[in-house]
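Have a look at the structure below before the remarks.
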Amino acid sequence: ARTSRMAQLLAYICLGLVAGATAGSPPSRPHILFVLADDLGFYDTQVYNPNSPTPHLAALKNEGLLLDYHYVFRYCSPTRRSFFSGRFPNHVSSVQPDGQNLCSDFLPLAFTILPEKLAAVGYKNHYVGKGHLGYETMDHLPVNRGFLSHTGYLGGGESYYHGLSGSNDYSYDMWLEDKPAVDIVESIYYSANYYTETAVKIIQEYGTAAENETLSGETDPSRLFLYFPIQNVHSPYQLPPAWETKPFPSFPFSTYAQMLHLLDTSVQNVTDAMVAANLWNETLMVFSADNGGIGAFGNNAPLRGHKHDPWEGGIRVTAFLAGGFLPAALRGQSSGAKMVHVADWYATFCVLAGADPTDNVEMTGAVRPTDSVNVWPMLTGQNATQPRSITPVTETAIIEVASTGTWWKLITLAGQSNRYTTQGEQIACTDPCLAGAQRDPFEPGRTDPIVNGPGKGGKGCPVCNDTHPCLYSLLDDPSESKNVAAANPDVVTRLQAPLVASQVPYITGHLSNATLEANYTLLPKDIWGNFTGPCYARKTTVPPRR
């Protein structure tokens with residue numbers, strides 16, 4: 001296995017795809033740290049806002065590479081499944097797999113997801129934090145899909161205390177490896193602290209093992225992949241323990257400031273642990289939000305819109321690279337007009353790790369490849385061209401990076417939404433509401449409408465639709481203030497076809513009845529006691545009732 005892994009890695013080096021090392025130094029594979037903040041506004045951190053209580057994030061950005069145009073989906077789960085699968089959110093559906101949809105296959109078992117790719121080339125993978133991926137069977141649990149360990153919750157949101165979910169004090173959503181975390185929920189006294197302690201312990205143990213590998217003369221040492229989707233700053237807006245709160249008079253929202261500060265402290269403790277374990281110099285860290293900020297507190301200035309919107313404020317997020325694997329020439333820089341989609345980390349990490357970045361899966365009558373492209377050559381300056389010209393960013397929005405240098409964004413359905421001041425004030429936009437009602441693109445199970453917020457009949461105020469589309473020149477108009485569709489009908493026509501083609505997801509969301517009947521047993525509804533959990537188990541491994 002080691003021989004084949006090294007041969008594969010050398011093949012990618014010969015193709016000029018592995019580019020972490022500088023000229024004259026031996027190529028290496030990075031440790032990978034992926035930090036995903038939840039519902040974080042574009043202007044919420046010191047990456048852009050000097051008054052935010054997040055100095056460590058600012059320091060990491062200042063020592064790393066700011067990703068000026070990093071795109072995700074307009075809300076949570078599709079972003080996460082896009083990262084793991086390397087497919088656009090439109091293709092893996094915009095359904096949120098929690099509540100009645102928790103027992104689902106929205107991250108299909110048929111896919112070879114990123115941790116499985118990395119495990120195949122010797123990575124030690126660990127998962128700490130939020131799930132929201134869909135768990136129809138026990139096979140869907142992270143420890144059965146490439147991760148050595150998993151601590152976290154399966155759904156989309158819960159209390160920061162004790163893994164409590166639902167509307168009462170007796171419902172929990174917290175898992176440890178392949179079973180409910182019955183023995184640890186009482187010790188979760190603010191989730192950010194517990195997740196951080198867990199991540200630090202993983203790093204310390206891995207660092208000791210890696211040192212032993214080095215001392216034993218191991219020529220092909222393992223690498224660490226730590227996926228850290230922390231809960232902060234998703235609702236509910238809850239204060240951390242009193243001994244951790246501090247005054248932040250320059251920030252307008254006290255509770256939110258404390259939650260941002262805990263996010264910052266958590267990232268600091270995790271990165272400090274990487275340094276202490278002598279891993280940081282070979283680490284590539286990606287920090288990103290899963291979508292734009294939302295509610296009374298999240299601030300997406302200077303962008304328009306918020307979580308749930310196809311506007312930039314919902315899908316263009318704060319993101320940066322850090323760590324010693326990042327070439328020195330890029331540190332302290334900004335990427336500029338280089339587009340990265342969250343799906344692109346699949347191919348990028350695979351190539352850097354020496355894994356095969358392809359995953360062609362036959363599904364719903366056709367072979368479905370990934371949509372991911374390797375962005376490392378573009379980000380490091382080896383390739384000046386954008387590796388993909390057209391990217392569908394939501395069900396009704398698509399961006400074209402034209403060869404002329406113009407970035408076009410077409411929106412065929414969106415609500416009015418709002419803008420922000422740097423002080424957090426929300427200002428309603430003033431585009432005229434369109435009279436005609438238009439349904440969202442067809443997708444059974446969608447729970448988060450595209451047109452949201454106040455409007456006629458409680459159905460929002462649509463300002464873009466198929467017959468009255470919105471077109472923006474993003475580099476000239478990043479706040480989406482001037483609709484230039486009427487002046488550029490050729491661009492509208494050119495982008496409508498690929499957008500429509502992308503609107504049909506090709507996953508079903510469930511394993512077939514034949515597969516379930518042949519391989520799985522339906523579990524009793526109360527098998528997990530008062531914990532959330534999967535609905536099926538392999539016939540040979542039915543777990544005991546809690």
Side-chain angles (χ1 to χ4, degrees), residues 1-21 26-34 36 80-88 91-92 107-127 133 142-150 206 209-210 213 218-228 279 282-286 288 321 323 325-326 340-362 367-380 382-383 387-388:
R2 289 194 179 279
T3 301
S4 62
R5 195 163 73 235
M6 284 302 295
Q8 186 180 51
L9 176 60
L10 289 170
Y12 281 111
I13 294 170
C14 291
L15 287 172
L17 295 174
V18 174
S28 63
R29 303 186 299 165
H31 303 294
I32 299 171
L33 171 61
F34 195 91
L36 193 64
R80 297 162 193 268
R81 291 181 282 120
S82 178
F83 169 71
F84 276 128
S85 69
R87 282 140 171 114
F88 291 140
H91 290 155
V92 295
L107 183 60
L109 290 179
F111 291 168
T112 303
I113 63 173
L114 178 62
E116 294 172 310
K117 287 284 191 179
L118 296 179
V121 292
Y123 273 70
K124 308 298 184 182
N125 306 324
H126 298 271
Y127 186 137
L133 304 174
V143 289
N144 294 321
R145 304 197 73 177
F147 286 101
L148 294 173
S149 72
H150 166 238
Y206 176 85
E213 279 187 346
E218 175 63 65
T219 58
D220 183 22
S222 66
R223 287 291 185 265
L224 174 67
F225 169 45
L226 178 57
Y227 178 59
F228 191 57
L279 304 176
E282 295 180 310
T283 292
L284 176 61
M285 172 186 173
V286 179
S288 175
L321 305 181
F325 188 81
L326 188 69
V340 179
H341 190 276
V342 68
D344 295 334
W345 295 116
Y346 183 98
T348 304
F349 288 164
C350 281
V351 169
L352 292 176
D356 178 6
T358 63
D359 184 38
N360 298 319
V361 177
E362 187 169 343
V367 174
R368 312 293 186 176
T370 70
D371 302 300
S372 185
V373 294
N374 176 19
V375 295
W376 193 249
M378 175 185 70
L379 292 175
T380 55
Q382 300 169 69
N383 188 343
R388 180 182 54 242

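What you see below is based on every heavy atom in this structure, not just the backbone, and it leaves out hydrogens, waters and symmetry mates.
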According to side chain to side chain donor-acceptor pair (under 3.5 Å), who are the partners of [X], at least two apart in sequence or on a separate chain?
| X | answer |
| --- | --- |
| R368 | T364 |
| S82 | none |
| N125 | none |

Go through the structure and list residues passing ring pair (Phe, Tyr, Trp, His ring centres under 6.0 Å) with [X], not counting sequence neighbours.
| X | answer |
| --- | --- |
| F111 | none |
| F228 | none |
| H126 | none |
| Y127 | F147, H150, Y227 |

Check salt bridge (Lys or Arg N to Asp or Glu O under 4.0 Å) between [X] and all other residues, then give those that pass, not counting sequence neighbours.
| X | answer |
| --- | --- |
| R223 | E282 |
| D344 | R388 |
| E116 | none |

Any donor and acceptor pair, going by atom type alone, linking the side chain of [X] with main-chain N or O of [Y] inside 3.5 Å?
| X | Y | answer |
| --- | --- | --- |
| S288 | L36 | no |
| S372 | A347 | yes |
| R81 | V92 | yes |
| D359 | T370 | no |

[X] side chain near [Y] side chain, heavy-atom distance below 4.5 Å:
| X | Y | answer |
| --- | --- | --- |
| V340 | W345 | yes |
| P369 | T358 | no |
| Q382 | W376 | yes |
| L321 | L379 | yes |
| R145 | L107 | yes |
| Y206 | H31 | yes |

Between [atom1] on residue [X] and [atom2] on residue [Y], distance to nearest 0.5 Å:
| X | Y | atom1 | atom2 | value |
| --- | --- | --- | --- | --- |
| I32 | L118 | CD1 | CG | 5.0 Å |
| N374 | L352 | CG | CG | 6.5 Å |
| R87 | I113 | CZ | CD1 | 11.0 Å |
| F34 | F84 | CZ | CZ | 9.0 Å |
| F225 | L284 | CZ | CG | 11.0 Å |
| D371 | S85 | CG | OG | 8.0 Å |

Quiz item: Is there a side-chain contact (heavy atoms from CB on, under 4.5 Å) between D356 and C350 once you walk through the steps?
Solution: CA-CA 6 Å; D356 178 6; C350 281; over 6 Å; no
Practice problem: Can you see which heavy atom on A119 is nearest to which on G146, and at what distance? | Solution: CB-O, 4.0 Å
Practice problem: Quick one: closest heavy-atom pair of R29 and A353, and the distance? | Solution: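 Closest approach of R29 to A353, heavy atoms only: CD-O, 2.9 Å.
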Quiz item: Looking at residues at least two apart in the chain, or sitting in another chain, which of them share a side-chain contact (heavy atoms from CB on, under 4.5 Å) with N383?
Solution: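 P377, T385.
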